[in-house]
Number of protein chains: 2
Amino acid sequence: MILEKKKMFNDFATSKGLRSTRQRDIILDIFLSTHQHVSVEELYLKIKSSNLGIGHATVYRTLKLFTEAGLAREILLHDGQTRYEHVVKGEHHDHLVCTGCNSIIEFEDATIEKLQDEIAARHGFLIKSHKMEIYGLCANCRS
Amino acid sequence: MILEKKKMFNDFATSKGLRSTRQRDIILDIFLSTHQHVSVEELYLKIKSSNLGIGHATVYRTLKLFTEAGLAREILLHDGQTRYEHVVKGEHHDHLVCTGCNSIIEFEDATIEKLQDEIAARHGFLIKSHKMEIYGLCANCRS
DNA sequence: CTGATAACTGAAAATGAATATCAAAAGCAT
DNA sequence: ATGCTTTTGATATTCATTTTCAGTTATCAG
Ligand SMILES: [Mn+2]
Ligand SMILES: [Mn+2]
Ligand SMILES: [Zn+2]
Ligand SMILES: [Zn+2]
């Protein structure tokens, strides 16, 4: 799994003529070791606390590369910070976002995805990506 | 239609003990005269070009009031600017966003909305709002 | 291995949207 | 009109992200 992701990035780097650097290796390692929905700052701090000095700019730049390489997805919730999550090949999910405790529940719904395709087709629209977020209170925060 | 919106804001203002000001009247007029999905900056410039001096801060503040009053909805696309659209009572729609020409197509799908409710219910989640955006190329930009 | 070249890094500065500050102005009740 | 409270807006501030650019490093031809 992790090796597969590393290979994926390697292939991407090769195809784009990117160089292999210490920083990119470290950032990839740490990104792969995180759970879902990490903000750039969280990653930066995690790297910092490992006594590995890497600059902010490099973390930002590298996460964009991961996104381009298809192994990360950018998520913009309503907290003013860009977050990244892992892309699992052949999977897609959307989010229930709790405004009480900021927790995120993931869900998949094939019917919704199909309806989206139909709507797009009806408008001659070519889908590249989509996002769907449901905001509200999770079971815990309701009570 | 426009009178109805003005009354709506008036009622809201009264219920909140807000004062009636020249600035709020102007911003409401201009907001109601726009089409969908205006950014704060666009509104600000429109006001400025009408030779009516109103500060940035006031435009930001007032649009939040409109949102609270239920006559505007905040939209966050991927261009780093908050936009606002008109709320039509009893209606809801989502967006197809063209990454080629930045145009936006609106659509409604009752089945998707119902599926969202079901998913939320399944997780004991109480929905407050949701957003769904499909990104890609519109019919024009495809060709 | 060596040197040339182009890519990469990161500290620091810049950007840009949005918010906070606060003194002056304006609305409203009496 | 008076007095009190809200509102405004120029300005400063915040904060995430991007840009700059000089120094560093990876890669590759010789
Ligand atoms: Mn997720
Ligand atoms: Mn719309
Ligand atoms: Zn919660
Ligand atoms: Zn288009």
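Within the 3.5 Å criterion, the main-chain N or O of B/Val88 finds no donor-acceptor partner in the side chain of B/Glu91. Looking at A/Arg83, its side chain never comes within 3.5 Å of a backbone N or O of A/Arg73 through a donor-acceptor pair. Remark: the backbone N or O of A/Leu76 is not paired with any side-chain donor or acceptor of B/His78 at under 3.5 angstrom.
In this structure, A/Tyr44 places its OH atom 13 Å from P of D/dA16, rounding to the nearest Å.
In summary, the aromatic rings of B/His95 and B/His37 are positioned with their centroids under 6.0 Å apart. For A/His130 and A/His92, the ring centers sit closer than 6.0 Å to each other.
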| For DNA chain D, what dot-bracket results from Watson-Crick or G-U pairs at under 3.5 Å, with [ ] for crossers and | for inter-strand partners? | ||||||||||||||||||||||||||||||
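Running 5' to 3' along DNA chain C, contacts with non-hydrogen atoms of chain B at under 4.0 Å begin and end at C/dA17 to C/dC28.
In this structure, the side chain to side chain contact (heavy atoms under 4.5 Å, CB included) partners of B/Leu126, at least two apart in sequence or on a different chain, are A/Leu137, A/Arg142. Take A/His123 and apply the ring pair (Phe, Tyr, Trp, His ring centres under 6.0 Å) test, not counting sequence neighbours, and it matches no residue.
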| said: Return a single string for nucleotides 17-30 of chain D, one symbol per nucleotide in 5' to 3' order, where B is base contact, S is sugar-phosphate-only contact and - is none, cutoff 4.0 angstrom on heavy atoms. | reply: BBBB----BBS---
When the side chains of residues 56-71 of chain A are checked against the rest of the protein, which donor-acceptor pairs come out under 3.5 Å, sequence neighbours left out?
| from | atom 1 | to | atom 2 | distance (Å) |
| --- | --- | --- | --- | --- |
| A/His56 | NE2 | A/Glu41 | OE1 | 2.9 |
| A/Thr62 | OG1 | A/Thr58 | O | 2.6 |
| A/Thr67 | OG1 | A/Leu63 | O | 2.9 |

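For the pair B/Lys131 and B/Glu133, the salt-bridge criterion is met [side-chain N within less than 4.0 Å of a carboxylate O].
For A/Gln36 and A/His93, the side-chain atoms include no donor-acceptor pair closer than 3.5 Å.
Residue-level contact check: A/Gly53 touches the backbone only, with heavy atoms under 4.0 Å from sugar-phosphate atoms and none from bases.
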